[in-house]
Number of protein chains: 2
Amino acid sequence: MKFKLIDIDLIKKCPETYLLAVNDTLNVLAGKWKLPIMASLQFGKKRFKDLEKEIPKITPRMLSKELRDLEINGMVTRTVYGTYPVAVEYEFTESGKSFKKVIDAMVEWGIEHRNRVLK
Amino acid sequence: MKFKLIDIDLIKKCPETYLLAVNDTLNVLAGKWKLPIMASLQFGKKRFKDLEKEIPKITPRMLSKELRDLEINGMVTRTVYGTYPVAVEYEFTESGKSFKKVIDAMVEWGIEHRNRVLK
DNA sequence: TATAGTGGTATACAAAAGTATAGTAACATC
DNA sequence: GATGTTACTATACTTTTGTATACCACTATA
């Protein structure tokens, strides 16, 4: 615990390691749609059609592809139910859940920035 | 002040406005290089060549283009000094400074995620 | 006079990302 | 048996993004 805190503080003080950590995060989020999907899943597990409806302008091709990427990167789990019609649910893993802090920070900044720009 | 807090809480509870705010942030950060540039500027104002050296693999074309975008979006200021050889400094605006919270959240998550994956 | 450093731009090209549109399989209801 | 629903995939295409390479103007120093 103590080591971890020291570790993070050290990384924050060194431009190179700081940039590395930002890039780690960036790689998981690459593209136009991963963050909107992540934001949508903050509100609980969702099905394919729910996400499609909630995220404006996304095509099923993109949604399918991006969900696959997020699954590969260990951000979401995919559960298939053998009901009629087939139901598939997407839900956060632990990594996905812990990402909430980042998205909340982005939401807060987005609101602030919008206020500043409109003012 | 009180209104603002209520406002943010409301937005966080509504998927649509939440997604909107995420997209506002996303638009300012579009592309591969803006976040690395922002992260690099966390450590104080920098000159063109400094940024070029600090950000691995970026070309001057991309650096120039992305800095211009960030300037247009009110994230950085550009100051030219008529010295020999011409010096140009890039520095955060208030919006840029307030963005530190977001980047720090990303850095922290990046480190955590890396630890989880390597474990 | 040749060279080097700063802060870029120009041109051409390659690769990646995203879009539009259509279609599929499985079933269940009307 | 026609239609609708869910969760996609296939194909072809356009747009955006990024790369490689070369080049410019300025000026101080050797």
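Reminder, nothing fancy here: chain letters follow the sequence lines and each chain counts from 1.
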Handout entry: Lys/Arg N to Asp/Glu carboxylate O, Lys13(B) vs Asp9(B), below 4.0 Å
Key = no
Exercise for the section: Would you mind classifying the nucleic acid contact of Tyr81(A) as base, sugar-phosphate or nothing, using non-hydrogen atoms under 4.0 angstrom? Expected result: nothing
Exercise for the section: Output yes when a side-chain donor or acceptor of Thr93(B) lies under 3.5 Å from a complementary backbone atom of Gly74(B), and no otherwise. Expected result: yes
Handout entry: chain B footprint on DNA chain C, 5' to 3' - any atom under 4.0 Å from a heavy atom
Key = dG5(C) to dA12(C)
Handout entry: Pairing of Lys12(B) and Glu108(A) as salt bridge, 4.0 angstrom limit
Key = yes
Practice task
Could you note down all residue pairs passing ring-ring contact (aromatic ring centres under 6.0 Å, His included) where residues 23-50 of chain B supplies at least one of them, sequence neighbours left out?
Solution key: Tyr18(A)-Phe43(B)
Exercise for the section: Establish whether Leu20(A) and Leu41(B) are linked, either directly or via other cluster members, by ILVMFWY side-chain heavy-atom contacts under 4.5 Å. Expected result: no
Handout entry: Distance below 4.0 Å between Arg78(A) side-chain N/O and dC8(D) OP1 or OP2
Key = yes
Exercise for the section: Tell me which residues in residues 30-43 of chain A put a heavy atom below 4.0 Å from DNA chain D, sorted by number, or none. Expected result: none
Completion exercise
All heavy atoms of Ile103(B) vs all of Ala39(B), minimum pair found to be CD1-N, 3.8 Å
Problem - Pairs meeting criterion salt bridge (charged side-chain N to carboxylate O under 4.0 Å, His left out) with involvement of residues 15-30 of chain B, two or more places apart - result: Arg114(A)-Asp24(B)
Handout entry: N-O pairing of Glu71(B) and Arg68(B) below 4.0 Å
Key = no
Problem - Least distance between heavy atoms, Met106(A) atom then Leu29(B) atom - result: CE-CD1, 4.2 Å
Exercise for the section: Would you jot down, in residue-number order, the residues of residues 50-67 of chain A having a non-hydrogen atom under 4.0 Å from DNA chain D? Expected result: Pro60(A), Arg61(A), Ser64(A)
Exercise for the section: Take atom CD of Glu89(A) and atom P of dA7(D), then tell me their distance rounded to the nearest Å. Expected result: 9 Å
Validation: residues 53-61 of chain A side-chain donor-acceptor distances under 3.5 Å, sequence neighbours left out:
from, atom 1, to, atom 2, distance (Å)
Glu54(A), OE2, Ser40(A), OG, 2.6
Glu54(A), OE2, Lys46(A), NZ, 3.0
Thr59(A), OG1, Met62(A), N, 3.4

